[in-house]
Protein chains: 2
Amino acid sequence: MSGEIDAKPRRIRNISELAKLAGVSAGTVSRALAGKDLVNSQTRERIQALAREHGFRPNQMASRLRTGQTGVIGVVIPLGHEKKQHISDPFFMTMLGHLADGLTEVGYDLMLSRVIPSDGDDWLERIVDSGMLDGVVMIGQSDQFDTIERTAEVYRPLVVWGTRRSGQRHCVVGTDSFVGGELAVRHLLARGRRKLAFFGDTKGLEIEQRLAGSRSAIAQSGTGATLDIYPTHLSQQEMSEQIAADLDAMDPAIDGIFAASDVIAMGTLRLLHERGRKVPEDVAIVGFDDLPLATQTVPQLTTVRQDIAGGARTLVTSLLKRIAGDEVPSTVMTPTLVVRESA
Amino acid sequence: MSGEIDAKPRRIRNISELAKLAGVSAGTVSRALAGKDLVNSQTRERIQALAREHGFRPNQMASRLRTGQTGVIGVVIPLGHEKKQHISDPFFMTMLGHLADGLTEVGYDLMLSRVIPSDGDDWLERIVDSGMLDGVVMIGQSDQFDTIERTAEVYRPLVVWGTRRSGQRHCVVGTDSFVGGELAVRHLLARGRRKLAFFGDTKGLEIEQRLAGSRSAIAQSGTGATLDIYPTHLSQQEMSEQIAADLDAMDPAIDGIFAASDVIAMGTLRLLHERGRKVPEDVAIVGFDDLPLATQTVPQLTTVRQDIAGGARTLVTSLLKRIAGDEVPSTVMTPTLVVRESA
DNA sequence: GTGAAAGCGCTAACAG
DNA sequence: CTGTTAGCGCTTTCAC
């Protein structure tokens, strides 16, 4: 194995100490360790062996300062309009997981920033100007559209998961939330539901569009169906309490709920069950996202699917292109309806 | 807000450009921007204003190289014995969220590494020697006990979430899995269950101890209860398929299941429901972790609670102490049983 | 209170 | 193929 743990003189601290030991110059060591072929393969291997033996690895900080490449991508999760929302929100995490897969695959490290923008309006500038990052991907726009727009003006390697507004400058990849909303409500209507409710925090850009799509679907249907709006909180705890209260207060004739996320849908499912109301018989529920947990609920969730893995891949490739200096358009993906058991 | 976007000459690239602009030396700018009081408050404010106006921020990479402090903590998730396990595993994510809270609060950034140790046995050394980190916290030991032990020998600022073995060197904080296993099985026995099953991947150190605790509880009880072992996979997809197959194949007389994690329990709950078996009437289920989702299932999960938030806090404070050079003992937390509906 | 100068550890011309 | 040199951008003595 890594063996021979003897009374080594002392740890090698840098490239020139190793150079001295090897009887060569620092430059040569640098080249050898980088695996460059401009160096005699004999000495290269000798130096590499020496480095391994002494457990020496070049200081990345120095290397990165020198080359101007950090090898690090910042991943920022803006907890804009709701401070208590936890970073462990399943959607964020699923997206983060896929981003980590994609980014590490191409050799980048991830630097995580959990941002509460209320700390000031220069939070994004601070991140991109830190000199620590080759690029930034934001998971969600929260209510920070203007800040993002302003930063994107001067900082190219930035991509954002979220919704595209006409005329916007920053590069987003996301799902067409309006269409998603239509899909959900049309399905509810097709199931014969006419007294609908919308559960979601409309302060978020995407959620607002899901609601707009819902309204449009109702208008187009000519069914005269109604839609009541119930804003939810984003933190698990508050969300549950809010939904419970809403469920108790709302019109008992409500027979269809469009939850703006699977997490909301899941909580609603359970709270309905507690109240003895059957899903989908008494009230049908459609979620949004199609997170892995959508298949683990009882009943399984009917939901509007966003291709999160695909979105993450697109975020990564778009970012890489922008780092390389290319211009990249935004990507709007079309959601699909996944019909399971809840509606 | 940040206003006056005029034809600014060109962006300020570094501290000396700003110095020239301000008619002072680089040193003074550095001191001013760092808010040091060794500098005339007049000039300090003048320089700060100038920096703000030009949107200049000192390069962190350089600063950190110079000071030898990176301000970054590495968070590593070892996906040791099961490659397909996704970083979005709810336990990891919950822990990560709490770590992010605690670390950002004291001014550290997080660098995320998702590691598949099979890539070589020096993955931890590579991370630790990168020169990019002030410290490292690992979420879980996976099957990498020896590697961790070896690294901890020479690298002090390392703390690990996991299980403590007698005589180990590295600093862990975790829950007593053996006791947790006892708790779970005792509860099942107290509910009159005698034909038990254990669902979990015993290759992980912690899971192995949960199983050992289970066996011990049965032996102590003198009930003559039985315990069948069903190894599960760690990836959501494979786990579901595996559990489904196990459920179909297993002794129909099984009346109690101890799932080694809430995620496993949740999947089992649904699969049981699909097969028309009632929980807890036909078969009782106890989970492990007490993740937020444990309260969102139908029925709600009875589970062995780990204090994840408290654990994260302890990980952070232990790490900070070790960074400061202090010696810190491991922490073993005692799990508690949370009785809800599933058992 | 401020400037000058040295240097953190590494890499990349440029010679030879 | 290898050594020398000159920084990357910042911080920090040490003088003044």
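To find a chain, count down the sequence lines: A is the first, B the second, and so on, and within it residues start at 1. Note that these values count all heavy atoms, side chains included, but never hydrogens, waters or copies made by symmetry.
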Problem - B/Lys36 side chain, from C-beta outward: closest of D/dT12, D/dA6, D/dT2 - result: D/dT12
Practice task
Return the 5'-most residue of the pair B/Leu65, B/Arg44 with respect to DNA chain C, ranking by each residue's nearest nucleotide.
Solution key: B/Arg44
Handout entry: d(CD1, A/Ile15; P, D/dT2) in whole Å
Key = 15 Å
Completion exercise
Heavy atoms of A/His170 and A/Gln168 approach each other most closely as O-NE2, 2.8 Å
Exercise for the section: Report yes or no: do A/Trp123 and A/Gln144 form a side-chain donor-acceptor pair below 3.5 Å? Expected result: yes
Practice task
Using atom CE of B/Met61 as one end and atom C1' of D/dG7 as the other, report the distance to the nearest whole Å.
Solution key: 16 Å
Problem - Between C1' of C/dG7 and CG of A/Asn59, the distance in whole Å - result: 14 Å
Problem - Nearest-neighbour nucleotide for the A/Thr28 side chain, D/dT2, C/dC8, C/dC10 considered - result: D/dT2
Handout entry: Nearest-neighbour nucleotide for the B/Arg31 side chain, C/dG9, C/dG3, D/dC10 considered
Key = C/dG3
Handout entry: Ring-face cation of A/Arg165 near A/Phe145 (centre distance under 6.0 Å, axis angle within 45°)
Key = yes
Practice task
In whole angstrom, give the distance that lies between atom CD of B/Gln69 and atom P of D/dC10.
Solution key: 18 Å
Handout entry: Residue A/Ser25, side-chain atoms from C-beta onward, closest of D/dG3, D/dT12, D/dT2
Key = D/dG3
Completion exercise
Result for 5'-nearest mapping on DNA chain C, choosing between B/Ala62 and B/Asn40, is B/Asn40
Practice task
Starting from P on D/dC1, measure out to CD1 on A/Ile47 and report it in whole angstrom.
Solution key: 13 Å
Practice task
Return the value, rounded to whole Å, for the distance between atom CZ of B/Arg13 and atom P of D/dC10.
Solution key: 11 Å
Exercise for the section: Could you tell me the separation between the CG atom of B/Leu38 and the P atom of D/dT13, rounded to a whole number of Å? Expected result: 10 Å
Practice task
May I ask you to verify if any side-chain N or O of B/Ser30 is less than 4.0 angstrom from the OP1 or OP2 atom of D/dG9?
Solution key: no
Handout entry: Distance, rounded to the nearest Å, where B/Asn14 contributes CG and D/dT11 contributes C1'
Key = 14 Å
Exercise for the section: Working to the nearest 0.5 Å, report the span between CD1 of B/Ile127 and CG of B/Asp129. Expected result: 10.5 Å
Side chains of residues 26-36 of chain B: which donor-acceptor pairs under 3.5 Å do they make with residues two or more places apart or in other chains?
unit_1	atom_1	unit_2	atom_2	d
B/Thr28	OG1	B/Ser25	OG	3.3

Practice task
Give the nucleotide from the list C/dA12, C/dT2, D/dG9 with an atom nearest to the side chain of A/Thr67.
Solution key: C/dA12
Practice task
Assign B/Gly27 to base, sugar-phosphate, or nothing according to its heavy-atom contacts below 4.0 angstrom with the strands shown.
Solution key: base
